[in-house]
Structure formats: C-alpha cells, structure tokens
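Report on one structure; see the data block that follows.
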Amino acid sequence: MADYKDIIQKVEILQNLLVEFATGGSGDEDTYDRLRKELSVHPLIKDRLPDFLTTQRTLKQFWPFIKAKFSAYADRRQYLWAEFGKVLTFLESSHTSPAEAVVSARLEELNQSYIHFEWDKALKRKTDDPEGAITSARTLVETICKYILDQSKTTYDEGLELPKLYKLTAQQLNLAPEQHQVAIFKQILGGCQTVVEGLGALRNKLSDAHGKSATQVKPSPRHAELAVNLAGAMAVFLLETFRANNTTRPT
C-alpha cells in the first residue's frame, strides 16, 4: 500500500481537478476515473470520501450535479474544499505513524479482507472512540491467531480466551518461550506473551466490550494508540514468522 503522503497527494489531485472543472476548467476524464476508482476502494478512506463520488462516475455526470447545487464558482469551491477537507484532515491528523503504514501494507499483502477490516476499524476509532479502538486491537490479534491456526490445520476451541489462543499459536510457530534455550530469546518471546495478555486485560478493563460502572476510568486516545500499535506490531510479527516457517506464501 502506498504511504500516507502518496494517498494525501492523490486526494488533493482529485480535489483540485474537480475544483478546476467546476469553475470553468476543461477537466481530465481519465485522471478522474483512475483516482475515483483507486481511492473509492482504499480501506482507510473509502468511507470518508465525498458521497457524490459514488454516483457521479464521470465528469460529464458531475457537471450537472455541481451546476444544480451551486450557481456561483466561489460556492462550488467552498463546497468541494469542505467535502475533501474531511478525509484530508483524517489522513493528516490520525495516520501519520510510519509503523501504521507498515502494518497496513503487510495486512493488505495477506489479501484477507476480514483481517484488514479489523485493523482499519482500530485505526478509525483510536482518536474519536478509544474504547472501540481497544476492542478492535484485541480482535485483530485474535483474528490473526485464528488465521494462522486455520492455515496450519490446528484445531482450537472457538471460545478460547486470547492469552490461551496466543500460546497455542506461539507453540505452532515455535515462538513459545519454553521452546528456546537462549536466555535473550526466552525474554523477548516472554515479552510478546505479556503484550498479548496485556491487550486482553486492557480490553477487559477499558474497552467497550463490557458494561461500565459509574466510577470506571474511560480510556483516552493515548491508551487506544498504545493498544492499536501493540496489536499491529504483534500481528505483523506473527504473520512474518508464519511466512518464514512456510515455503509458500499464505493466501
């Protein structure tokens, strides 16, 4: 997946193309068609793009839409800037971490939409819905573990709690601390196990997965940021280990 600067650039190109066309310019039908199709299926922004992109499939269709909506050029500019401003603000403020781009790219390579969906949901929620982001972070790791176990044809109980599910996955991947003799490896892998246990505990204490008492502390965006980043790092580590242990790339 392209990095966020590339995505922002493409959104801005599309915005400026429409502004120019809506204010008397000629417009580039091929560029509009290409960018509209590419961005409309992008997992991070497809739900944040202007709604009219769904129905105005060509510039010829867009012209009567914008002409009927606003007669003055200035109003058309303001409308388009506001519509695209939503997605641009989202990209610039919420998704600037290089680590997030790495995780997104690795999960997209996996070509399993339901897994990328969980990661995308966690990213979208971490600023405005920290509780939901923590729940999605935990679900991402659980989903990755089940994917690996399914691919390895390893049986497991669907209701298995995350710490036990991770231990089973770790054993399958030769990542369990007890499978190694070198102290530093045991320490690192033990730390990975602790991270996963912590995600489960954080989810139980702070997420939206359970009812709340009046005195319960609500998570802040920084708690969600921590949970999402930890989950993303663990997801990539597990997938890369699974790939390294297999001669063929999982699909």
Side-chain angles (χ1 to χ4, degrees), residues 1-70 73 75-129 132-133 136-137 140 143 224-225 228-229 232 235-236 251:
M1 182 168 73
D3 60 27
Y4 292 112
K5 289 183 179 178
D6 183 56
I7 301 169
I8 291 171
Q9 184 181 47
K10 289 178 178 178
V11 172
E12 289 178 335
I13 290 172
L14 181 58
Q15 170 194 258
N16 295 337
L17 183 155
L18 287 173
V19 169
E20 180 183 1
F21 183 71
T23 54
S26 58
D28 185 330
E29 192 74 68
D30 290 339
T31 300
Y32 176 74
D33 180 66
R34 175 176 56 81
L35 290 176
R36 175 186 166 277
K37 288 178 179 177
E38 179 181 346
L39 297 175
S40 293
V41 297
H42 195 289
L44 285 181
I45 62 171
K46 61 183 181 180
D47 296 327
R48 297 177 182 270
L49 291 169
D51 291 337
F52 66 76
L53 289 175
T54 303
T55 54
Q56 314 308 314
R57 302 172 66 85
T58 66
L59 289 178
K60 289 182 179 179
Q61 292 177 338
F62 173 73
W63 174 246
F65 164 80
I66 196 67
K67 185 178 179 181
K69 199 169 187 67
F70 302 102
Y73 282 0
D75 291 336
R76 294 176 188 176
R77 290 190 192 94
Q78 291 299 324
Y79 168 73
L80 291 170
W81 287 337
E83 286 294 297
F84 281 96
K86 299 171 187 176
V87 65
L88 288 170
T89 298
F90 170 75
L91 287 168
E92 292 170 347
S93 63
S94 300
H95 298 281
T96 56
S97 166
E100 290 173 7
V102 170
V103 175
S104 294
R106 294 295 183 271
L107 294 183
E108 190 169 89
E109 289 173 5
L110 188 62
N111 196 28
Q112 298 290 330
S113 60
Y114 70 99
I115 293 177
H116 202 289
F117 173 77
E118 291 299 338
W119 172 245
D120 185 32
K121 188 160 60 172
L123 290 178
K124 289 178 179 177
R125 287 173 155 189
K126 66 177 186 174
T127 300
D128 300 328
D129 181 14
S136 295
L140 172 66
T143 303
E225 184 88 27
V228 171
N229 286 341
V236 170
T251 59

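Sequence positions, counted from 1, serve as the residue numbers for this chain. Everything numeric here is computed off the predicted structure, so don't read it as measured data. Both backbone and side-chain heavy atoms feed into the values below; hydrogens, waters and symmetry mates do not.
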Fill in the blank from the handout: Looking only at heavy atoms, the pair that brings Glu83 and Asp51 closest together is OE1-N, 4.3 Å
Handout entry: Mutual orientation of the aromatic rings belonging to Phe62 and Phe52 [parallel < 30°, tilted 30-60°, perpendicular > 60°]
Key = tilted
Completion exercise
Between Tyr32 and Leu53 the two heavy atoms that sit nearest each other are OH-CD2, 3.6 Å
Practice task
Output yes when a side-chain donor or acceptor of Asn229 lies under 3.5 Å from a complementary backbone atom of Glu225, and no otherwise.
Solution key: yes
Handout entry: Side-chain heavy atoms of Leu18 within contact of Phe84, under 4.5 Å
Key = yes
Practice task
Identify the two heavy atoms, one from Gln15 and one from Leu80, that lie closest to each other, and give their separation to 0.1 Å.
Solution key: OE1-O, 4.2 Å
Handout entry: Full working for side chain to side chain contact (heavy atoms under 4.5 Å, CB included) between Leu107 and Asp120
Key = CA-CA 10 Å; Leu107 294 183; Asp120 185 32; over 6 Å; no
Problem - Pair Arg34 + Asp30, salt bridge at N-O below 4.0 Å - result: no
Handout entry: Minimum heavy-atom distance Val19-Arg77, with the two atoms named
Key = CG1-CG, 3.9 Å
Exercise for the section: Please report the C-alpha distance between Gln112 and Thr143 in whole Å, then the side-chain angles of each, then the deciding distance to 0.1 Å, and finally whether the side chain to side chain contact (heavy atoms under 4.5 Å, CB included) criterion is met. Expected result: CA-CA 11 Å; Gln112 298 290 330; Thr143 303; over 6 Å; no
Problem - Heavy-atom pair with the smallest gap, counting every atom of Ile66 and Ala22 - result: CG1-CB, 4.0 Å
Handout entry: Donor-acceptor contact present, side-chain Arg76 to main-chain Thr23, <3.5 Å
Key = no
Exercise for the section: Given side chain to side chain contact (heavy atoms under 4.5 Å, CB included), test Asp47 with Lys124 step by step and report yes or no. Expected result: CA-CA 10 Å; Asp47 296 327; Lys124 289 178 179 177; 3.1 Å; yes
Exercise for the section: Give a yes or no on whether the backbone of Glu29 and the side-chain of Asp33 come within a donor-acceptor separation of less than 3.5 Å. Expected result: no
Practice task
Kindly indicate whether the side chain of Asp6, heavy atoms from C-beta on, has any atom under 4.5 Å from the side chain of Gln9.
Solution key: yes
Problem - Stepwise side chain to side chain contact (heavy atoms under 4.5 Å, CB included) check, Arg48 with Lys86 - result: CA-CA 7 Å; Arg48 297 177 182 270; Lys86 299 171 187 176; over 6 Å; no
Handout entry: Closest approach of Glu118 to Ser136 (non-hydrogen atoms, all atoms of both residues)
Key = O-CB, 4.0 Å
